[in-house]
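Small disclaimer: the values here were computed from a predicted structure and weren't measured. In what follows, every chain begins at residue 1, and chains take the letters A, B, ... in the order their sequences are listed.
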Amino acid sequence: MTAFNHVQTAHCESGVVSNLFRHYGLKISEPMAFGIGAGIFFGHLPFVKVNGVPGTTYRIWPGAIFSRVCKRLGVKMESRKFSTPEKAQTALDEVIGKGIPVGMQSSVYYLPYFPASYRFHFNAHNLVVFGKEGSDYLVSDPVMDTVTKIDPGSLAQARFAKGFPEPKGKMYYPVSVPQNVDFTGPIKAGIKQACYFMLKVPMPQFGIKGIRYLAKRVKQYPEKQGERRAALYLGNIIRMQEEIGTGGAGFRFMYAAFLQEAGTLLKNEELITIGKDLTLVGDLWRNFAFAAGRVCKARVVDNSPYNELGDMLLHIADEEEKIFRRLSKVKI
Amino acid sequence: MKKEEVPQDGDNLHKGTFKQLFYAVDQSGEYKEPVTSVGWEPENVALGQAWEEVEHRVNETREQVLAGQKSPIAYYMERTLLDLPLLASKAGKFGWQVKRHMKPAVFKKLSAAMIAKYAAIFSIPAEVLQKGELLPFQRPQ
């Protein structure tokens, strides 16, 4: 049996990176993986609806953190997708049989060990399978506090869930991991990319512009959507902000932790200071969620609370813009 | 967020059996060890609301099925939190085909194989679906 050191993390993708790499002796904290992978982002997509509710994201698209970290640190990964669950299971058994822990993309709806109230159809979850006990698989799911187990049937369903993004049995594992890595270059590249995505992506739905775009829409919710849907849309913004594996304020805090760690490592005071200011912006996001939650609960009909929420978002956008403008000018 | 501000609003959704991890600063404003949280009120509200919405849709569809306006396929789609595009791709059909199967008259003529396929997607016995029995929806405990 492969010994796998399971450590609980805040987010599944950066968590899997951190846990998998540590297994091969490359120590990288979760915030460091998140920062080097330029995981921080914002996007509001009113046209991409799940069950009729527009989507909001506080992080970069699934898989991006992973591929960027691998590229920047020089880790070589083997990544495979499959046409049938049978082929996927055979390949998995073969690889874990060799003692290699395997990362995989899955739907949370089919994970029996997952908290039931979180089990919606969300396909971009990441976990590590590292062994078998009888016919059950041993799972290190980064958002769970201990190692768990899953039966082969449920795992197959989770790996072959339909809908976006379709996992198609995707599994991945490192084939070559460097032992001594200089983090300077990767940190620099990660920060540069995050600043680009937050400040310069030329579409109104993304980055700082996206926060302002959402602010405008929130203000129009009661008028355009009616009381019921307005509350539902708002609730979804909070859920996407706070739920495990997606946390919005949480991502701001994690990125702040990254800036602190990077600043300490590179002896760069400016990064540490910016990290402290970003922590304050994370708190603004939390205040927003708190106020929005109260509006959801009260089911108010008039526009004024929605206007106030929109203004809170505009304030957050201003503060976040200042942070990333400063960050883009830091010499590393 | 300061460590002592990490929310600990336990709720009835997962009874404190599940803890999330948060990065939070200590007295000196530094991130050291992450802190676990048993839940936060705004999230609990939003999550509760999402399940309320699921329940609402399930009940609404149930009424429509009982009134003979829709087939049990529509009911079980809502019950398994699926939407039309997702159900169609799972069934290997086009959206318009699945929509047709939601018409009671078309549903009655579905082949046993098709019924079995839907039943597997909904994780229910094929006979239950065939007979049009509507198993109750239960909120996750």
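Side-chain contact between A:Asp151 and A:Pro112 is present, with heavy atoms from C-beta onward closer than 4.5 Å.
Among B:Lys32, B:Glu30, B:Glu41, the residue with the largest count of heavy-atom pairs under 4.5 Å with chain A is B:Glu30. When A:Ala161, A:Ala292, A:Ala256 are compared by the number of non-hydrogen pairs under 4.5 Å with chain B, A:Ala256 comes out ahead.
Proximity to chain B involves both the backbone and the side chain of A:Gln8, based on heavy atoms less than 4.5 angstrom apart. Contact of A:Phe288 with chain B is not made at all, since no heavy-atom distance falls under 4.5 Å. Contact annotation for B:Leu84: neither backbone nor side-chain heavy atoms come within less than 4.5 Å of a heavy atom of chain A. For A:Ala291, no part lies under 4.5 angstrom from a heavy atom of chain B. If you measure heavy-atom distances from A:Tyr109 to chain B, the contacts under 4.5 Å come from the side chain alone.
Side chains of B:Gln20 and B:Thr36: no donor on one and acceptor on the other come within 3.5 Å. Side-chain atoms of B:Tyr23 and A:Glu30 form a donor-acceptor pair, as typed in the model, at a separation below 3.5 Å.
Between B:Trp51 and A:Phe120, the ring planes are tilted. Angles from 30° to 60° get that label.
Each of A:Gln241, A:Glu320, A:Glu319 was compared with A:Trp285 under the side-chain hydrogen bond (donor to acceptor under 3.5 Å, both in side chains) criterion, and only A:Glu320 meets it.
Within the structure, side-chain hydrogen bond (donor to acceptor under 3.5 Å, both in side chains) contacts touching residues 101-111 of chain B (residues at least two apart or in different chains) are B:His101-B:Tyr118.
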